Amino acid sequence: MDPLQIYRDEVKTLSSKALSEIGVSEPSFDVEVPSTEIADFAVPCFPFAKALKKSPMIIASEAAEKISTSELISKVWAENGYLNFQINSGKLANTTLQEIFSTGSDYGKGEKKAGKLLLEHTSVNPTGPIHIGRARNPIIGDTLARCLRACGYDILTEYYVNDVGKQVIILTWGLEHLDKSSEDDVVDKIDHRLVGYYRKANKMMEENPEVAAEIGQMLRKFEDGDKETIEKVRKTAKMMLDGILESLALINVSLDSFMWESTFIENGAAAEVVSKLKASEYCKEENGASYLELESFGIHGRETRFFFTRGDGTTLYTTRDVTYHLNKFSRADRVVNILGEDQKLGQAQLAIALHLLGVERSPECVFYSFVSLPEGKMSTRRGQVVNLDDLIEEAESRAFDEVKKRRSDLSEDKMNEIAKAIGRGAVRYNMLRVQPEKPLVFRWEDALNFEGNSAPFVQYAHARACSILKKADSFNKDIDFSELSDIYETKLIKTLAKFPSVIKEAGEKSRIHLIPLYAHELAASFNLFYTYVPVLKGDNKDARLALVDCTRVVLSNALYLMGLNAPEEM
RNA sequence: GGGCUCGUGGCUUAGCCUGGAUAUAGCACUGGCCUUCUAAGUCAGUGGUCGGGGGUUCGAAUCCCCCCGAGCUCGCCA
């Protein structure tokens with residue numbers, strides 16, 4: 001339930017009635033929330049000026065006179081051509097806190113929605129450790145999944161494992177032929193160890209034609225559907241994937257399901273798609289390779305052809321992706337993809353191909369810009385990359401120093417636990433606070449910033465709330481919360497009341513950066529309350545403890561949506 | 001060349017979809033606040049041609065057009 005909804009509705013009804021009474025026929029308007037804290041809700045009267053031949057100021061004051069305050073609305077006034085409303089904050093305090101107490105960790109969630117939703121994210125190629133550029137994908141994807149779940153959707157998250165193609169074959173060859181007693185074996189984590197073999201094998205392939213021939217042979221066997229080869233390659237991909245998943249688990253990302261690309265070669269589904277696409281009137285051929293001519297579908301550029309077979313008839317990545325999406329739509333009503341911006345054209349082409357195959361729906365995509373380094377693009381070849389594991393390690397280590405500086409009273413284990421929550425949280429928060437379509441330049445000093453708009457700021461507010469509650473005795477929740485009427489208390493309650501509408505917009509409109517924005521606002525609002533309103537030694541102790549407890553719950557819910565842990569002390 | 005995206009104080013960023021009151025925060029910088037629930041906090045101050053120009057409108061950061069700059073993209077790669 002959204003505690004603010006009844007107030008919005010009431011403002012709408014009252015304004016509509018008053019405007020009709022002063023001569024506006026069928027008034028059409030939106031109820032606004034002013035950017036400054038002049039009022040809780042406002043209705044601009046400028047659009048009615050022409051019809052009424054009166055100034056907006058006069059219209060607003062005439063309308064204000066027609067409206068009397070109610071149980072929900074405590075003040076109505078005209079100002080600068082606006083009809084302003086202040087809501088009954090005592091009433092809001094009671095409904096909001098009671099709602100939070102009765103729903104707890106479910107506070108803010110929406111009603112169960114019908115239909116299944118399949119969300120694909122991450123899907124990085126299993127050829128090396130995940131770097132921070134690629135990590136934007138799971139961080140966005142996992143957070144969106146959490147928001148959609150909170151909105152009431154039945155959702156399955158899936159990783160599409162790319163175990164087809166030359167890269168994985170090279171790695172597989174390397175694993176079979178390279179000396180494994182080399183220095184690379186010293187590396188503990190499997191993905192970091194394997195990427196060494198990949199680099200070495202790649203180099204050998206470039207330098208030695210015999211190796212290249214062997215790899216080529218393996219590739220051909222794979223594409224012919226040789227069971228033994230497919231099995232071998234998939235095993236390699238699985239090993240690398242395990243390493244990647246281990247990294248993702250550190251930042252609280254886990255997936256429900258995995259789809260292996262080779263599946264569609266093995267089970268003949270990709271071949272079936274080929275024959276169906278060939279039947280399309282848009283299908284053409286060049287040197288034995290088939291493609292769709294997409295010019296009439298609004299695809300622009302030098303090249304409007306969408307190839308789906310090679311000259312030798314074998315399938316392409318795009319063919320398998322079409323097959324995969326056919327498969328997705330057979331399992332779900334809505335399909336959501338988290339993709340790098342370089343996939344935009346491909347997705348547009350894919351949607352057209354799906355329509356030609358009779359699928360009415362299209363995947364809904366969230367595209368994100370790439371993460372670059374101050375020195376430019378990330379490049380594995382030039383060694384210009386920051387691996388997610390390294391970032392996490394550095395963040396944890398810096399967080400540990402900070403914890404040690406402040407909390408020397410804690411045990412080593414406890415300090416470690418807190419440092420992990422803060423360090424890993426900082427990594428996620430830092431990527432979440434910027435809209436996905438904005439380019440992101442990775443800077444260590446930003447990623448490891450523990451002040452201001454950061455993960456620890458929110459976590460710290462939560463820890464402060466926990467700390468007060470720990471020191472307090474149990475308190476009475478069956479009281480009138482309208483005594484919480486101080487400006488800091490009222491502001492905090494209004495912020496708590498906003499949470500359900502924030503979740504709704506974040507999930508329904510894929511605007512997940514609203515969650516960190518809100519979390520920061522709530523934490524800041526609580527910090528002000530904390531600074532100026534004494535709880536344990538002040539008046540209204542039960543009501544204030546209740547407010548602290550509710551803030552703790554909502555901060556914890558917001559942290560959960562972002563995939564951050566909520567330490568009880570810091 | 002075509003298409004898509006981005007451009008808001010020194011840096012990062014909200015607001016743009018759905019036009020409306022003095023444009024939101026953070027970092028950095030300057031100066032305050034710990035005998036009172038954890039100072040990862042808080043207060044005050046400095047700092048803005050909302051890339052540029054035109055248009056629509058009572059009103060434009062927001063909508064439309066043109067231009068400039070940056071990124072992505074236009075493979076029988078994945």
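FYI, side chains are in, hydrogens and waters are out, and symmetry mates aren't considered; it's all heavy atoms of this structure. Quantities reported herein were computed from a predicted structural model and do not represent experimental measurements. Residue numbers begin at 1 in each chain, while the letters A, B, ... track the order of the sequences.
- When both distances must be under 3.5 Å, the Watson-Crick or G-U wobble mate of B/G1 is B/C74.
- Not less than 6.0 angstrom separates the ring centroid of A/Tyr282 from the ring centroid of A/Phe306.
- Against RNA chain B, the stretch residues 38-48 of chain A makes heavy-atom approaches under 4.0 Å through A/Ile38, A/Ala42, A/Phe46, A/Pro47.
- On a pure distance criterion of 3.5 Å, a polar donor-acceptor pair joins the side chain of A/Asn84 and the base of B/A21.
- For A/Thr531, no side-chain nitrogen or oxygen approaches OP1 or OP2 of B/G41 to under 4.0 Å.
- The glycosidic torsion of B/C34 lies within 90° of 0, which places this base in the syn conformation.
- Judged by distance alone, the side chain of A/Glu293 and the main-chain N or O of A/Cys283 form no donor-acceptor pair under 3.5 Å.
- In this structure, A/Tyr159 has its ring center under 6.0 Å from that of A/Phe258.
- In terms of phosphate contacts, A/Lys438 brings a side-chain nitrogen or oxygen within less than 4.0 Å of OP1 or OP2 of B/A14.
- Between A/Arg424 and A/Glu396 a salt bridge is recorded (basic side-chain N to carboxylate O distance below 4.0 Å).
- At the phosphate of B/A39, OP1 or OP2 sits under 4.0 Å from a side-chain N or O atom of A/Arg464.
- Between A/Phe499 and A/Tyr518, the ring centre distance stays below 6.0 Å.
- Across every strand in view, B/G10 sits in a pair with B/C27 that passes the Watson-Crick or G-U test at under 3.5 angstrom.
- Contact check, A/Arg511 against B/G15: a side-chain N or O comes under 4.0 Å of OP1 or OP2.
- One finds a side-chain N or O of A/Arg310 lying less than 4.0 angstrom from the OP1 or OP2 phosphate oxygen of B/A78.
- The side chain of A/Lys471 lies closest to B/U38, out of B/G41, B/U38, B/C72.
- For A/His513, no side-chain nitrogen or oxygen approaches OP1 or OP2 of B/U24 to under 4.0 Å.
- OP1 or OP2 of B/G15 lies within a sub-4.0 Å distance of a side-chain N or O belonging to A/Gln435.
- Taking 4.0 angstrom as the limit, A/Asn527 places a side-chain polar atom (N or O) nearer than this to OP1 or OP2 of B/U42.
- In this structure, A/Arg302 does not reach the B/G75 phosphate: none of its side-chain N or O atoms is under 4.0 Å from OP1 or OP2.
- Taking the C1' atoms as reference points, B/G47 lies 14 Å from B/A23, given to the whole Å.
- Both distances falling under 3.5 Å, in either a Watson-Crick or a G-U wobble arrangement, occur for no nucleotide opposite B/C17.
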key: Trace of the salt bridge (Lys or Arg N to Asp or Glu O under 4.0 Å) decision for A/Asp549 with A/Arg552   = CA-CA 5 Å; A/Asp549 199 22; A/Arg552 176 191 63 80; 2.8 Å; yes
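- An OP1 or OP2 oxygen of B/C72 is reached within less than 4.0 angstrom by a side-chain nitrogen or oxygen of A/Lys377.
- Taking the six-membered ring wherever Trp is involved, the centroid distance between the rings of A/Phe529 and A/Tyr488 does not fall below 6.0 Å.
- A sub-4.0 Å separation between OP1 or OP2 of B/A40 and a side-chain N or O of A/Tyr460 is present.
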